[in-house]
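To keep things clear, I will list the structure first and then write my remarks on it.
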Number of protein chains: 2
Amino acid sequence: MGPRAYHHGNLRAALLEEAEKSVREQGIERLSLRELARQLGVSHAAPRRHFPDRQALLYALAEAGFTRLGTELRRAMTRAGEEFEPRLQATASAYVRFATRDAALLDLMFAGKHNEPTPVVQEAALGALSVLFELVEQGQAEGVLEQGEPGRVGLVLFATVQGIAAVVNGGIVDASQSDALIADAIANFIRGSRAAA
Amino acid sequence: MGPRAYHHGNLRAALLEEAEKSVREQGIERLSLRELARQLGVSHAAPRRHFPDRQALLYALAEAGFTRLGTELRRAMTRAGEEFEPRLQATASAYVRFATRDAALLDLMFAGKHNEPTPVVQEAALGALSVLFELVEQGQAEGVLEQGEPGRVGLVLFATVQGIAAVVNGGIVDASQSDALIADAIANFIRGSRAAA
DNA sequence: ACCTGAACACCGTTCAAGT
DNA sequence: ACCTGAACACCGTTCAAGT
């Protein structure tokens with residue numbers, strides 16, 4: 001099961017790996033199938049066996065991105081202990097860290113508007129975001145957050161972390177202020193959704 | 001001062017207008033300088049007089065986008081009357097409307113991470129976003145929002161509306177639920193930032 | 001099954017030259 | 001000052017052909 005030579009059965013995985021690196025370093029627009037093929041030592045037509053066109057590669061990248069995001073969020077959540085608020089803070093922090101390190105990939109993952117999302121990407125997205133909804137359920141179970149459909153307040157939470165990521169990535173706020181913004185926004189979210197006691 | 005023929009002194013404005021339409025209909029990736037030139041009946045090298053390269057055109061589009069966003073936000077705010085909460089709701093609504101109608105342009109405006117923002121774009125952005133900060137100041141003056149630096153809570157507000165826009169544009173939530181999400185998120189923001197009374 | 005090489009229609013960018 | 005036309009180096013995509 002060890003990795004074989006790239007152009008002997010492992011080309012798909014190699015393409016994804018190289019593409020993810022390229023997107024991180026150069027952005028989506030600069031991602032070139034021909035350049036990828038060159039770096040992996042195959043002909044420019046070889047990728048077509050694994051990805052029928054450029055868009056198919058982008059979809060695969062988005063799916064892999066959601067999978068990785070999900071595992072990073074879950075790890076951050078579990079490492080933060082059992083208490084609700086630190087858990088939420090840590091998870092939001094992990095989200096923004098992902099978004100900052102892979103800004104172009106995040107754009108790709110949530111492109112959604114200009115190239116309709118594949119069902120398989122949709123599913124991967126919901127899997128990653130389920131961590132946030134679990135957190136909301138925990139908060140509700142502990143009586144910290146207001147009751148009601150978890151979906152409603154979960155959506156507000158998701159919008160909150162996504163908004164922080166967008167503001168940081170948009171260059172509106174300096175990266176050094178990122179932690180402070182996370183703390184403010186999450187504290188604000190909790191206060192706003194707090195159970196009436 | 002009336003509009004002269006496109007290829008006689010008005011090419012720059014014509015390029016911007018046509019490019020904005022193209023970005024709205026086809027997204028940024030499909031925007032082609034050669035195609036634009038074709039549609040306007042000039043040679044493919046003519047745009048170069050007004051925009052040294054493709055990126056320069058994108059920056060100009062972003063700047064124009066922020067200017068338009070600013071006027072739309074301000075109009076929505078003033079039309080909503082004097083009361084704080086309806087004003088905030090209306091302004092957030094206008095923001096999301098802009099984001100929905102010009103999703104690709106919004107991406108371009110906040111690209112920031114992968115092509116560093118020009119100072120002139122930065123300034124246009126701050127001008128548009130100043131509407132949000134004014135709203136925060138009004139809320140503070142009326143004692144509805146907590147005191148403290150308006151920048152801090154203004155940033156949280158901005159992250160909130162940007163997050164709503166991202167969630168709606170990302171296809172996570174159906175467009176029909178968009179109004180409900182806005183109402184929820186803004187109400188949540190106000191509760192979370194409410195003055196301790 | 002997987003890859004190659006040539007071909008096609010497109011790009012952005014550059015530059016000498018025209019008016 | 002503003003635009004043209006040819007040229008260059010790159011794309012994504014297609015397809016017959018190789019192993």
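Below, chain A is the first sequence line, B the second, and so on; all start at residue 1. Keep in mind that what you see is a predicted model, and the values were worked out from it rather than measured.
- The base-pairing partner of D:dT13, taking Watson-Crick or G-U wobble contacts with both distances under 3.5 Å, is C:dA7.
- Note on ring orientation: taking the six-membered ring where Trp is involved, the planes of B:F158 and B:Y95 are perpendicular (angle over 60°, cut-offs 30° and 60°).
- The NE2 atom of B:H44 sits 13 Å away from the C1' atom of C:dC10 (whole-angstrom rounding).
- A distance of 6.0 Å or more separates the ring centres of B:F66 and B:Y59.
- No side-chain donor-acceptor contact under 3.5 Å links B:E85 and B:Q89.
- For B:R49 against D:dT4, a side-chain-to-base donor-acceptor contact under 3.5 Å is absent.
- The nearest whole Å value for the distance from the CZ atom in B:R34 to the C1' atom in C:dT13 is 9 Å.
- Put simply, CG on B:L36 is 13 Å from P on C:dT13, counting in whole angstrom units.
- In this entry the distance linking CG of A:L40 with C1' of C:dC3 reads 14 Å, nearest Å.
- Summarising the geometry, the separation between CD on A:E29 and P on D:dC10 is reported as 19 Å, rounded to the nearest angstrom.
- Remark: P of D:dT14 and CZ of A:F51 are 16 Å apart, rounded to the nearest angstrom.
- As judged by a 4.0 angstrom heavy-atom cut-off over every strand, A:L31 is placed among residues touching the sugar-phosphate backbone only.
- Remark: side-chain polar atoms of A:D53 are paired, donor with acceptor, to backbone N or O of A:A56 under 3.5 angstrom.
- On a pure distance criterion of 3.5 Å, no polar donor-acceptor pair joins the side chain of B:H50 and the base of D:dA1.
- The base of D:dT4 does not come close enough to the side chain of B:R48 for any donor and acceptor atom to sit less than 3.5 Å apart.
- Between A:L33 atom CG and C:dC11 atom C1' the separation is 15 Å, expressed in whole Å.
- Closest approach to the B:E35 side chain among C:dT4, C:dC11, C:dG12 is made by C:dC11 (side chain taken as heavy atoms from C-beta onward).
- Atom CD of A:Q39 and atom P of D:dC11 are 10 Å apart (whole Å).
- Between A:S32 and D:dG12 there is a side-chain polar atom (N or O) within less than 4.0 angstrom of OP1 or OP2.
- For D:dG18, the paired base is C:dC2 (Watson-Crick or G-U wobble, both distances below 3.5 Å).
- Crowding of B:Q26 atom CD: a count of heavy atoms from other residues, nucleotides or ligands under 6.0 Å exceeding 12.
- Remark: B:R38 is in phosphate contact with C:dC11, judged by side-chain N or O atoms under 4.0 Å from OP1 or OP2.
- Checking C:dC3, D:dT4, C:dT13 against the side-chain heavy atoms of B:D53 singles out C:dT13 as nearest.
- Residue-level contact check: B:R54 touches the backbone only, with heavy atoms under 4.0 Å from sugar-phosphate atoms and none from bases.
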